[in-house]
Number of protein chains: 2
Amino acid sequence: MSHSNRCAACKSLRRRCPKDCVLAPYFPPTNPQRFACVHKIFGASNITKMLEQLPVHLRAMVADCMSFEASSRMEDPIYGSVRIISRLQEQIIEAQSELVFENT
Amino acid sequence: MSHSNRCAACKSLRRRCPKDCVLAPYFPPTNPQRFACVHKIFGASNITKMLEQLPVHLRAMVADCMSFEASSRMEDPIYGSVRIISRLQEQIIEAQSELVFENT
């Protein structure tokens, strides 16, 4: 038995969406861009594997984190999420220098 | 014509390593783990595509950032590199609170 409304993943992969589809809860048909993004960066089989490996209560988080990483890499094909890490590290260095300055 | 010593990618994919192999400069045979990691998370075709899309002088950086992201996800299959981002954001909040405290 399949959903009347296929999830974004099954729609994109042109397959029927089974009632127990692993991807459906995290990739609703209302947001096709979210699946397109993780599909392009990680591939559909990797996302499916990642979700299946984890207990159900952790899957929403892994889907969110993978979506975030994938969209970071789409926006910045060189640095991806590492760009955000570098910026935050710079901010910490600035804040720490300011603290040192305040304390002298 | 192929290398006498295949790169980590070609060795892992059990194919000959051509002289102009896109992956060879960034995945030397001395570090098979580095390729195994990005292969598992992004897939070999995605890494190849990412590298090919970019000019040669930027490829080492994308290989490094993808390796970093992939190893973060191997270490932490739920949060991946997002874990590092959250920790850094917490550190910034702490440093900022400390600054506010110092200024009062």
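Values reported hereafter were calculated over all heavy atoms of this structure, with side chains retained and with hydrogens, waters and symmetry mates removed.
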Legend entry - Co-members of the apolar cluster containing Leu88(B) [side chain, <4.5 Å]: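 Under the 4.5 Å side-chain rule, Leu88(B) groups with Phe68(A), Val82(A), Ile84(A), Ile85(A), Leu88(A), Ile92(A), Phe68(B), Val82(B), Ile84(B), Ile85(B), Ile92(B).
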Legend entry - Side-chain cluster (under 4.5 Å, hydrophobic types only) that Leu99(A) belongs to, other residues: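 Same cluster as Leu99(A): Leu99(B).
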Inset, instruction - Examine whether an atom of Leu54(A) lies under 4.5 Å from a heavy atom of chain B, and if so say whether it belongs to the side chain, the backbone or both; otherwise answer neither. - result: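 For Leu54(A), side-chain heavy atoms alone lie under 4.5 Å from chain B.
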Inset, instruction - Output the distance between atom SG (Cys37(B)) and atom CZ (Phe42(B)), rounded to the nearest 0.5 Å. - result: 9.0 Å
Inset, instruction - Below 4.5 Å from any heavy atom of chain A, which atoms of Met61(B) appear? Answer side chain, backbone, both or neither. - result: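 The answer is both parts of Met61(B).
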Could you pull out every donor-acceptor pair under 3.5 Å between chain A and chain B?
unit_1   : atom_1 : unit_2   : atom_2 : d
Lys40(A) : O      : Asn46(B) : ND2    : 3.2
Ile41(A) : O      : Asn46(B) : ND2    : 2.6
Asn46(A) : ND2    : Lys40(B) : O      : 3.2
Asn46(A) : ND2    : Ile41(B) : O      : 2.6
Glu69(A) : OE2    : Arg73(B) : NE     : 3.4
Glu69(A) : OE2    : Arg73(B) : NH2    : 2.8
Arg73(A) : NE     : Glu69(B) : OE2    : 3.4
Arg73(A) : NH2    : Glu69(B) : OE2    : 2.8
Ser81(A) : OG     : Ser81(B) : OG     : 2.9

Inset, instruction - Decide whether Phe101(B) and Val100(A) are clustered together by the hydrophobic rule: side chain heavy atoms of Ile, Leu, Val, Met, Phe, Trp, Tyr closer than 4.5 Å, transitively. - result: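 Result: no, two separate clusters.
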Legend entry - Verify same cluster id: Leu58(A), Met74(B) (apolar side-chain graph, 4.5 Å):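 Both belong to a single hydrophobic cluster.
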Inset, instruction - Using a 4.5 Å cut-off on heavy atoms from C-beta on, say whether the side chain of Cys10(B) contacts that of Cys21(B). - result: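 Yes - at least one pair of side-chain heavy atoms lies under 4.5 Å apart.
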Inset, instruction - Sequence neighbours left out, what pairs pass salt bridge (Lys or Arg N to Asp or Glu O under 4.0 Å) with at least one residue falling in residues 24-33 of chain A? - result: none
